[in-house]
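Here's the structure we're looking at; comments come further down.
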Protein chains: 2
Amino acid sequence: MNQVKQAKRTTIYDLAELAGTSASAVSAVLNGNWKKRRISVQLAEKIMRIAEEQGYALNMQASLLRREKSHIIGMIVPKYDNRYFGSIVETFEDMARARGLFPIITCTRRDPQLEVEAARTMLSYQVECLIATGATDPDRITEMCAAAGVRSLNLDLPGALAPSVISDNFAGARELTRRILKNSEQRLGKMEPLLFIGGRGSDHNTAERIRGFRKAHADLDVAVHEENILACGYAPEKAEKALDERALGGNALPKGMFVNSTISLEGVMRWIRRSGHLDDRSLVLGCFDWDPFVTLLGNGIEMVRQDVPGMLTKVFELIESGANKPVVIQVPPLIPEAQEA
Amino acid sequence: MNQVKQAKRTTIYDLAELAGTSASAVSAVLNGNWKKRRISVQLAEKIMRIAEEQGYALNMQASLLRREKSHIIGMIVPKYDNRYFGSIVETFEDMARARGLFPIITCTRRDPQLEVEAARTMLSYQVECLIATGATDPDRITEMCAAAGVRSLNLDLPGALAPSVISDNFAGARELTRRILKNSEQRLGKMEPLLFIGGRGSDHNTAERIRGFRKAHADLDVAVHEENILACGYAPEKAEKALDERALGGNALPKGMFVNSTISLEGVMRWIRRSGHLDDRSLVLGCFDWDPFVTLLGNGIEMVRQDVPGMLTKVFELIESGANKPVVIQVPPLIPEAQEA
DNA sequence: AATTCTTGCTTCATCGATTGAGCAAGCTTG
DNA sequence: CAAGCTTGCTCAATCGATGAAGCAAGAATT
């Protein structure tokens with residue numbers, strides 16, 4: 001870096017002066033369409049050399065103000081504390097960049113107020129499209145975007161006003177339930193109804209998973225007990241508390257459980273350890289979501305892994321197709337080979 | 001949303017026309033300094049009402065172009081696939097917002113090329129400050145920022161040209177090693193030297209942790225064998241492979257291991273299961289980094305949890321103090337109470 | 001030699017928000 | 001009632017990049 005400390009940043013006007021040419025020529029050269037604008041190779045090379053020497057960096061604000069498209073794509077995401085959302089964000093950034101878009105992501109902590117503020121801020125930054133991932137009120141966000149003439153899409157949780165890409169929660173839950181029931185039969189010698197724990201009864205995914213859970217029981221002629229469906233929220237503490245309360249409730253706890261997220265599984269595992277069930281093989285678990293350490297817990301826990309690349313591929317297809325109708329696209333989750341127990 | 005579908009977004013000029021006033025008054029009202037500009041309460045209220053009705057959203061590009069400060073703060077981060085970086089990102093967003101800054105974050109997958117590109121892009125977006133987290137070449141980023149007159153800071157891994165905030169890796173590793181050795185003595189009846197696995201020998205953190213690892217052995221008069229220091233990289237597969245190779249190497253594998261990240265621990269656990277060591281208590285493990293599921297693995301694995309809020313508090317203190325000297329601030333990690341084995 | 005074409009630039013308006021300067025009308029003060 | 005102050009606005013330049021339109025000089029065509 002062989003220049004003096006500069007208070008102001010270098011602009012195309014500075015470069016123009018240094019090169020003895022006009023700002024317009026500099027702009028044309030630096031944004032690559034200098035052939036179209038008939039700038040000579042000599043001048044182009046000179047400008048590029050000087051830009052390099054000066055460590056010039058485009059002022060995106062000025063550029064975006066002038067251009068019609070921002071090429072910015074926004075995503076809001078509830079949390080970064082599990083593999084599912086982490087993978088969504090990482091894959092999203094990758095795929096966006098591969099398409100020449102600039103991804104901006106913000107985490108809203110499942111807070112409806114923050115979601116709205118984040119969406120407004122993203123609109124201020126002229127996003128061309130906003131992906132609302134796991135939003136508590138996706139339709140509110142779609143409305144805000146629509147008012148600004150910006151596209152929006154829902155991911156993970158569906159909305160009624162914009163296209164949505166979600167896992168096939170029903171099919172995934174049905175298969176996961178079937179596997180837990182089978183494992184339960186194999187390990188315990190009989191097939192007993194399972195406990196469902198975690199998630200919010202009000203959210204679409206949990207509702208669908210409960211439906212799949214019921215269906216799998218029905219498929220095998222096992223009756224589901226209402227008291228064994230505990231949509232107590234996602235936090236580990238909530239799962240732990242719900243199990244404590246359920247355990248007090250007279251009837252014995254089921255030996256098999258369908259846990260609705262890795263986050264809830266943390267609470268379930270803590271409860272299991274605390275209540276002394278850890279080492280015996282009498283508990284048969286399954287989890288809707290994937291984490292590498294869960295495999296290593298060694299309890300033969302079945303997992304459903306949501307197909308993040310598949311979902312995001314659909315998201316970008318929707319964006320590119322320009323579709324705006326509020327369809328719901330369901331992507332089948334991946335169910336790894338059964339775990340050795 | 002009671003307006004017609006609009007192709008163009010509403011600007012202050014549109015609002016000015018609707019309110020029968022000037023764009024300048026609208027701007028003053030909407031950015032809150034209308035009292036200073038002596039706009040009457042009536043007009044202010046009228047403008048705010050109309051802005052609301054029209055679903056007006058500021059064009060940040062135009063606003064930033066004019067203003068001197070962008071209030072944007074950037075962060076680059078290597079991965080989103082573990083609790084440590086997830087927590088850094090979430091905490092960073094929170095603390096930035098609490099200070100009226102707009103955080104933008106991008107993931108560079110430990111790819112030096114991507115890091116440089118990401119930094120250049122962030123400079124284009126006029127970030128006021130860039131935090132390079134776990135960067136492979138932090139000094140390169142500092143140089144780029146300096147050339148644009150932008151501040152930069154290093155987090156997690158130190159650099160030589162900008163202030164750095166990192167964990168006290170030496171002290172953390174020393175204490176972790178001490179605990180593993182103690183557990184090892186308690187469980188196996190004797191104190192044997194440990195194996196160190198994971199990380200890159202070339203990175204500062206791994207080097208410091210190895211130093212702490214050695215120091216703890218020396219403190220207890222235990223000799224460290226060179227062949228038991230395997231800085232094989234972070235990926236799970238690399239740890240697994242390194243253990244395979246080490247196992248072939250004649251001498252018996254140590255029963256105690258210091259694992260240099262949760263990511264490496266995945267590989268170690270897989271290797272342990274594969275080689276049939278899982279259920280016996282002869283293996284004594286510790287991990288530099290924290291994940292809730294590791295507690296639940298039930299092998300009594302000790303963990304060091306890096307103090308993310310503490311580190312980010314230091315980061316923002318540095319930013320606010322305006323300090324630019326390349327100091328290295330070491331934040332002591334948190335070592336949870338010993339695990340029940 | 002006059003006309004047209006091509007090459008290689010420059011000029012200037014523009015994007016939307018911000019803000020110093022200015023101005024008109026009403027109100028005070030001596 | 002003239003001079004000065006206050007109130008409540010508007011005007012116009014500006015931030016940096018972009019690209020349509022234009023222009024001068026040389027080459028090619030008639």
Side-chain angles (χ1 to χ4, degrees), chain A residues 6-47 51 54-72 121 123-126 128 148-149, chain B residues 6-48 51 54 56-72 121 123-126 128 148-149:
Chain A
Q6 52 192 138
K8 302 301 289 174
R9 302 184 47 172
T10 315
T11 70
I12 52 169
Y13 297 92
D14 303 329
L15 298 181
E17 193 158 355
L18 286 166
T21 180
S22 71
S24 162
V26 174
S27 170
V29 169
L30 295 181
N31 68 30
N33 60 357
W34 53 279
K35 298 216 162 167
K36 218 176 302 166
R37 308 269 315 261
R38 298 188 309 221
I39 307 291
S40 65
V41 188
Q42 299 91 286
L43 183 56
E45 280 172 355
K46 183 177 182 187
I47 288 173
Q54 299 296 312
Y56 171 79
L58 175 71
N59 182 326
M60 199 57 92
Q61 260 73 47
S63 177
L64 291 183
L65 178 59
R66 191 63 232 284
R67 295 199 316 235
E68 72 302 359
K69 311 204 77 186
S70 72
H71 296 169
I72 300 179
T121 308
L123 290 176
S124 288
Y125 280 90
Q126 313 297 108
E128 281 175 21
Chain B
Q6 51 192 137
K8 301 300 289 173
R9 301 182 51 171
T10 314
T11 71
I12 52 168
Y13 297 93
D14 303 328
L15 297 180
E17 193 159 354
L18 286 166
T21 181
S22 70
S24 146
V26 173
S27 169
V29 169
L30 296 181
N31 68 28
N33 62 355
W34 51 279
K35 296 212 164 167
K36 220 176 300 167
R37 303 220 13 144
R38 296 186 312 220
I39 308 290
S40 66
V41 187
Q42 298 91 288
L43 182 57
E45 280 172 354
K46 184 178 182 186
I47 288 173
M48 292 193 282
Q54 298 295 312
Y56 171 79
L58 176 71
N59 183 326
M60 199 58 90
Q61 263 75 46
S63 175
L64 292 183
L65 178 57
R66 192 61 231 283
R67 294 199 314 233
E68 73 301 3
K69 312 204 77 188
S70 73
H71 296 167
I72 300 179
T121 307
L123 291 176
S124 288
Y125 281 91
Q126 313 295 110
E128 282 176 21

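Lettering follows sequence order; numbering is per chain, from 1.
When distances run from any side-chain atom of A:N59 to the nucleotides D:dG16, D:dG19, C:dG16, the shortest one goes to D:dG16. Closest approach to the A:S40 side chain among D:dA17, C:dG8, D:dT7 is made by C:dG8 (side chain taken as heavy atoms from C-beta onward). Nearest nucleotide to the B:R67 side chain, out of C:dC15, C:dT18, C:dC9: C:dT18. With D:dG16, C:dT19, C:dC9 as the choices, the nucleotide that has an atom nearest any side-chain atom of A:Y13 turns out to be D:dG16. Closest to the side chain of A:R38, out of D:dA17, C:dA17, C:dC9, is C:dC9.
With hydrogens and angles ignored, no donor-acceptor pair closer than 3.5 Å exists between the side chain of B:R37 and the base of D:dG8.
The nearest whole Å value for the distance from the CG atom in A:L58 to the C1' atom in D:dC15 is 14 Å. Straight-line distance from the CD1 atom of B:I12 to the P atom of D:dT10: 12 Å, rounded to whole Å. Regarding B:K35, its NZ atom lies at a distance of 13 Å from the P atom of D:dT7, rounded to whole Å. At whole-Å resolution of the value, CD1 in B:I47 and C1' in D:dT10 are 12 Å apart. Rounded to whole Å, atom C1' of D:dG16 lies 11 Å from atom CZ of A:R9. Between the C1' atom of D:dG16 and the CG atom of A:L30 lies a distance of 13 Å, rounded to the nearest Å.
Using a 4.0 Å heavy-atom criterion, one finds that B:S24 contacts the bases of the nucleic acid, with or without backbone contacts as well. Note on B:L43: only backbone sugar-phosphate atoms sit closer than 4.0 angstrom, heavy atoms only; bases stay farther off. Residue B:S27 is classed as a base contact, given a heavy-atom separation below 4.0 Å to a base. Nucleic acid contact for A:L64: none, since no nucleic acid atom lies under 4.0 Å from a heavy atom of the residue.
Applying the 4.0 Å criterion to OP1 and OP2 of D:dT10, one finds that B:S22 has a side-chain N or O inside that range.
The nearest heavy atom of DNA chain D to B:R66 and to B:I39 marks one nucleotide each, and the one closer to the 5' end goes with B:I39. Of the two residues contacting DNA chain C, namely B:L65 and B:A28, the nearest-nucleotide position lying further toward the 5' end is that of B:L65.
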